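For clarity, every value in this text was computed on a predicted model and none was experimentally measured.
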Amino acid sequence: MAIVEFTIVPLGTKDTSLSKYVADCHKVLEEVEEIKYQLTPMGTIVEGDLDLILKTIRKIHEVPFNNGALRVSTSIKIDDRRDKSSSMEAKVKSVKEKL
């Protein structure tokens, strides 16, 4: 199980607002039941099978192009822990317990 944070930024649009692009990208995530996701103000965090996540991000990367963007910048951070099971909630809980 991997935890991945990604941000997809459409460039070459005629508007500074990106929420429509983000919403359309999240429609792709809603179709993939095997991936748990969390929208944040600066990106999206997902957890699940790494191969499926990367395949899904690749599909999402195309969404801004399909909506008129001339360029797309995608950033991906991967936490692929194999010594024990982890989750988004467990990572946050671990930090909060130490506060």
Side-chain angles (χ1 to χ4, degrees):
M1 169 100 54
I3 300 171
V4 177
E5 180 179 42
F6 69 95
T7 304
I8 296 177
V9 181
L11 304 168
T13 66
K14 294 184 172 133
D15 192 357
T16 57
S17 177
L18 301 178
S19 58
K20 178 189 176 312
Y21 290 94
V22 173
D24 287 344
C25 288
H26 271 256
K27 290 175 184 174
V28 173
L29 277 175
E30 290 175 351
E31 296 172 0
V32 186
E33 294 179 13
E34 300 88 358
I35 295 177
K36 185 175 182 178
Y37 64 91
Q38 178 181 344
L39 173 64
T40 74
M42 300 298 291
T44 300
I45 302 169
V46 293
E47 71 179 39
D49 175 74
L50 183 57
D51 289 334
L52 180 58
I53 289 171
L54 293 174
K55 179 180 175 184
T56 303
I57 291 173
R58 176 65 182 102
K59 186 175 180 182
I60 293 169
H61 177 82
E62 291 298 320
V63 170
F65 286 118
N66 295 336
N67 290 333
L70 301 175
R71 185 175 184 180
V72 176
S73 174
T74 297
S75 301
I76 303 171
K77 268 197 306 191
I78 300 171
D79 181 359
D80 188 8
R81 186 167 185 173
R82 297 185 180 180
D83 62 326
K84 70 177 191 175
S85 178
S86 186
S87 68
M88 293 182 284
E89 292 86 6
K91 288 173 68 93
V92 172
K93 182 181 175 188
S94 178
V95 172
K96 286 184 176 182
E97 288 172 351
K98 293 168 178 69
L99 291 175

| message | Donor-acceptor check, side chain of K98 to backbone of S94, threshold 3.5 angstrom: yes or no? | response | yes

| said: With a 3.5 Å distance limit and no angle check, can you tell me whether T56 reaches the backbone of L52 through a side-chain donor-acceptor pair? | reply: yes

| remark: Applying side chain to side chain contact (heavy atoms under 4.5 Å, CB included) to E47 and not counting sequence neighbours gives M1, I3, K36, S87, M88, E89

Do [X] and [Y] land in one hydrophobic cluster if side-chain heavy atoms of ILVMFWY residues count as linked below 4.5 Å?
{"X": "F6", "Y": "V9", "answer": "no"}
{"X": "I53", "Y": "V22", "answer": "no"}
{"X": "L29", "Y": "L39", "answer": "no"}
{"X": "Y37", "Y": "V32", "answer": "yes"}
{"X": "Y21", "Y": "V63", "answer": "no"}

| said: My understanding is that only residues two or more places apart in sequence, or in another chain, count here; which of them pass salt bridge (Lys or Arg N to Asp or Glu O under 4.0 Å) with E97? | reply: K93

| field | Residue pairs fulfilling ring-ring contact (aromatic ring centres under 6.0 Å, His included) with at least one residue in residues 54-99, sequence neighbours excluded | value | H61-F65

| message | Which Ile, Leu, Val, Met, Phe, Trp or Tyr residues join V92 in one cluster when any pair of side-chain heavy atoms under 4.5 Å counts as a link? | response | none

| task | May I ask you to list the residues sharing a hydrophobic cluster with V95, side-chain cutoff 4.5 Å, ordered by chain and number? | result | none

| task | In plain terms, say whether R81 and D83 are close enough for a salt bridge, that is, a side-chain N and a carboxylate O under 4.0 Å apart. | result | yes

| query | Does K20 pair with D15 as a salt bridge, N-O distance under 4.0 Å? | reply | no

Quick one: pull up [atom1] in [X] and [atom2] in [Y] and give me the separation to the nearest 0.5 Å.
{"X": "I76", "Y": "E5", "atom1": "CD1", "atom2": "CD", "value": "11.0 Å"}
{"X": "D49", "Y": "E34", "atom1": "CG", "atom2": "CD", "value": "9.0 Å"}
{"X": "D24", "Y": "I8", "atom1": "CG", "atom2": "CD1", "value": "11.5 Å"}

So which atom in [X] and which in [Y] form the shortest heavy-atom distance, rounded to 0.1 Å?
{"X": "V72", "Y": "A69", "answer": "CG2-CB, 4.3 Å"}
{"X": "D80", "Y": "A2", "answer": "OD1-CB, 4.3 Å"}
{"X": "L18", "Y": "P10", "answer": "CD2-CG, 3.7 Å"}
{"X": "H26", "Y": "T44", "answer": "NE2-OG1, 2.8 Å"}

| task | Please examine the side chains of I78 and L54, heavy atoms only from C-beta on, and report whether any two atoms are closer than 4.5 Å. | result | yes

| task | Would you mind listing every salt bridge (Lys or Arg N to Asp or Glu O under 4.0 Å) that reaches into residues 51-69, with sequence neighbours excluded? | result | E31-K59, R58-E62

